[in-house]
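Here's the structure we're looking at; comments come further down.
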There are 2 protein chains.
Amino acid sequence: MTDTQRILDAIRRLVRQLRLFDRAAQSRLGLSAAQLFILAELGKTPALSLGELADRTHTDQSSASTVVTRLVEARLVARQRSPRDARRLVLTLTRAGRAALRKAPPVTQQVLVNRIDALPPAERKRFADTFTQIVEEMGAEKSAPMLFEDEGHTATARRRK
Amino acid sequence: MTDTQRILDAIRRLVRQLRLFDRAAQSRLGLSAAQLFILAELGKTPALSLGELADRTHTDQSSASTVVTRLVEARLVARQRSPRDARRLVLTLTRAGRAALRKAPPVTQQVLVNRIDALPPAERKRFADTFTQIVEEMGAEKSAPMLFEDEGHTATARRRK
DNA sequence: CCGTATTCCATTGGGTCCCAAGTAATTTTA
DNA sequence: TAAAATTACTTGGGACCCAATGGAATACGG
């Protein structure tokens, strides 16, 4: 197996592991990783709008919306309209939200963090450098070689009712 | 920002990037990354059962099941029952499936692969080594420090109908 | 001031993933 | 050999993610 394939495989397994830990945490604490992540961000910076929150969590505005909705229903987040600009939201943690955050740190990632922290500092730095570089270049690569021809007759494999 | 945080951030962004490229490829080719991945695996090793396929793709059996169902509906995969053991499936690519695979390689990961392949071999190997190590140790870490108390009164933030 | 653009959200549709249950079929065991 | 346990899949439910839409509210040019 080439090193490239080993890396792809590692990514795939990593993502799966994270999802599994997420599930576990969710059924124990009642909060998913996404919910905790939003909660943490709101803990760091209160009074964010939905769009700002989406940016900070590297996710889509609509995704953030649904997660926030759940948190509001759970009474962990207060969702108000900005008085200055009625389009914007003003999101803040409730008392219960702060409490939840305090007792339920990002458990999911913790397993990963433990592994990373166990690395020798020099290796960790190298790893971080390489990883960051890859991701940044990936973001730059604007769907360059993605414009072939054809399309169509493979007809989107999807359910029919 | 610590190196650990940089790594976490890189992972998060990487995952998002992959999803975005996936979406793009999906709307161009009609096949999602998951579907292509399954297709590719079936191309490498025909006549797999669903469970074997799930193992090879590091995913859940039920997840594989739904993806395969879509591929069968798209007539890219043939799903037959094994004559020896009627519980098992025998999955193979159809003619159209092979054709689709030929003209639609794993486009999604390609962007990532390009970046990885651009690294100096030595750095790539170091990266792969570290990454593999992290993931393997993560898999070993059996939800060790995950058993706190409480639970309940945060009441699973979920929709109520 | 008015009409058009733009911005900010909520909602909906399509997909992926995982778990928990349920259903067949096969193997083991009493 | 009949009952019990195991294996292989499917289905339903919940959570997420993104794209596309639509509705308000605000900004802007004439």
Side-chain angles (χ1 to χ4, degrees), chain A residues 12 15-28 30-38 48-55 57-74 79-91 108 156-161, chain B residues 12 15-28 30-38 48-55 57-74 79-91 108 156-161:
Chain A
R12 195 165 180 85
V15 171
R16 176 170 164 84
Q17 285 291 355
L18 289 177
R19 255 193 308 251
L20 292 180
F21 281 116
D22 177 16
R23 291 280 170 178
Q26 184 173 346
S27 73
R28 280 192 318 102
L31 290 174
S32 70
Q35 294 175 359
L36 273 175
F37 198 62
I38 296 272
L48 286 175
S49 75
L50 192 59
E52 291 164 343
L53 192 56
D55 283 345
T57 56
H58 297 302
T59 191
D60 193 85
Q61 169 259 327
S62 63
S63 304
S65 177
T66 69
V67 175
V68 165
T69 297
R70 289 195 187 354
L71 291 174
V72 168
E73 286 171 351
R79 176 171 48 184
Q80 303 166 294
R81 219 86 216 187
S82 165
R84 317 191 146 289
D85 185 338
R87 293 169 303 180
R88 309 175 72 87
L89 292 182
V90 177
L91 301 168
T108 299
T156 308
R158 75 155 189 288
R159 237 179 155 45
R160 285 161 312 183
K161 156 92 204 28
Chain B
R12 194 167 180 84
V15 171
R16 176 168 165 83
Q17 285 290 355
L18 289 177
R19 257 194 306 253
L20 291 178
F21 281 116
D22 177 16
R23 294 280 169 173
Q26 184 173 346
S27 73
R28 280 193 317 102
L31 290 174
S32 70
Q35 294 174 1
L36 274 175
F37 198 62
I38 295 272
L48 285 174
S49 74
L50 192 59
E52 290 164 343
L53 192 56
D55 283 346
T57 56
H58 298 302
T59 191
D60 194 84
Q61 199 176 0
S62 61
S63 303
S65 178
T66 69
V67 175
V68 165
T69 296
R70 289 197 192 335
L71 292 174
V72 169
E73 287 171 350
R79 175 172 47 186
Q80 302 164 293
R81 221 85 216 185
S82 165
R84 316 191 145 289
D85 185 339
R87 291 171 303 181
R88 309 174 72 88
L89 294 181
V90 177
L91 301 168
T108 300
T156 306
R158 76 156 189 285
R159 242 180 152 42
R160 287 160 312 186
K161 159 83 200 35

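In what follows, chains are A, B, ... by sequence order, proteins preceding strands, each numbered from 1.
- The pair E73(B)-R79(B) does not count as a salt bridge, with every side-chain nitrogen at least 4.0 angstrom from each carboxylate oxygen.
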Pairs under 3.5 angstrom, nitrogen or oxygen only, protein versus nucleotides 16-19 of chain D, please.
{"from": "dC16(D)", "atom 1": "OP1", "to": "S32(A)", "atom 2": "OG", "distance (Å)": "2.6"}
{"from": "dC16(D)", "atom 1": "OP1", "to": "Q35(A)", "atom 2": "NE2", "distance (Å)": "3.2"}
{"from": "dC16(D)", "atom 1": "OP2", "to": "R70(A)", "atom 2": "NE", "distance (Å)": "3.0"}
{"from": "dC17(D)", "atom 1": "O3'", "to": "R19(B)", "atom 2": "NE", "distance (Å)": "3.1"}
{"from": "dC17(D)", "atom 1": "O2", "to": "R23(B)", "atom 2": "NH2", "distance (Å)": "2.6"}
{"from": "dC18(D)", "atom 1": "OP1", "to": "R16(B)", "atom 2": "NH1", "distance (Å)": "2.2"}
{"from": "dC18(D)", "atom 1": "OP2", "to": "T59(A)", "atom 2": "OG1", "distance (Å)": "2.9"}
{"from": "dC18(D)", "atom 1": "OP2", "to": "D60(A)", "atom 2": "N", "distance (Å)": "3.0"}
{"from": "dC18(D)", "atom 1": "OP2", "to": "S63(A)", "atom 2": "OG", "distance (Å)": "3.0"}
{"from": "dC18(D)", "atom 1": "O4'", "to": "R23(B)", "atom 2": "NE", "distance (Å)": "3.3"}
{"from": "dC18(D)", "atom 1": "O4'", "to": "R23(B)", "atom 2": "NH2", "distance (Å)": "3.3"}
{"from": "dA19(D)", "atom 1": "N6", "to": "S62(A)", "atom 2": "OG", "distance (Å)": "2.9"}

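- Rounded to whole Å, the distance from CG on L18(B) to C1' on dG15(C) is 16 Å.
- Taking atom CG of residue L91(B) and atom C1' of nucleotide dC9(D), one finds them 11 Å apart after rounding to whole Å.
- Smallest separation of non-hydrogen atoms from L91(B) and V68(B): CD2-CG1, 3.9 Å.
- Not a single donor-acceptor pair under 3.5 Å links the side chain of S63(A) to the backbone N or O of T59(A).
- Contact check, R79(B) against dT10(D): a side-chain N or O comes under 4.0 Å of OP1 or OP2.
- Between the CZ atom in R81(A) and the CG atom in L89(A) there is a gap of 5.0 Å [rounded to 0.5 Å].
- Residues S32(B) and D22(B) have side chains in contact (heavy-atom distance under 4.5 Å, counting atoms from C-beta outward).
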Contact list (N/O, under 3.5 angstrom) for nucleotides 22-27 of chain D vs protein:
{"from": "dT26(D)", "atom 1": "OP1", "to": "A86(A)", "atom 2": "N", "distance (Å)": "3.4"}

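- Contact of the R28(B) side chain with the R23(B) side chain is not registered, since no non-hydrogen atoms from C-beta on lie closer than 4.5 Å.
- Side chains of V90(B) and S49(B) form no contact here, defined as non-hydrogen atoms less than 4.5 Å apart.
- Atom CG of L50(A) is separated from atom P of dT11(C) by 11 Å (rounded to the nearest Å).
- Residues V67(B) and T57(B) form no side-chain contact, since every pair of their non-hydrogen atoms from C-beta on lies 4.5 Å or further apart.
- One interatomic measurement links the two molecules: CZ of F21(A) to C1' of dC18(C), which rounds to 15 Å at whole-angstrom precision.
- In this entry the distance linking CZ of R81(A) with C1' of dT7(C) reads 12 Å, nearest Å.
- In this structure, S65(B) reaches the dT10(D) phosphate: one of its side-chain N or O atoms is under 4.0 Å from OP1 or OP2.
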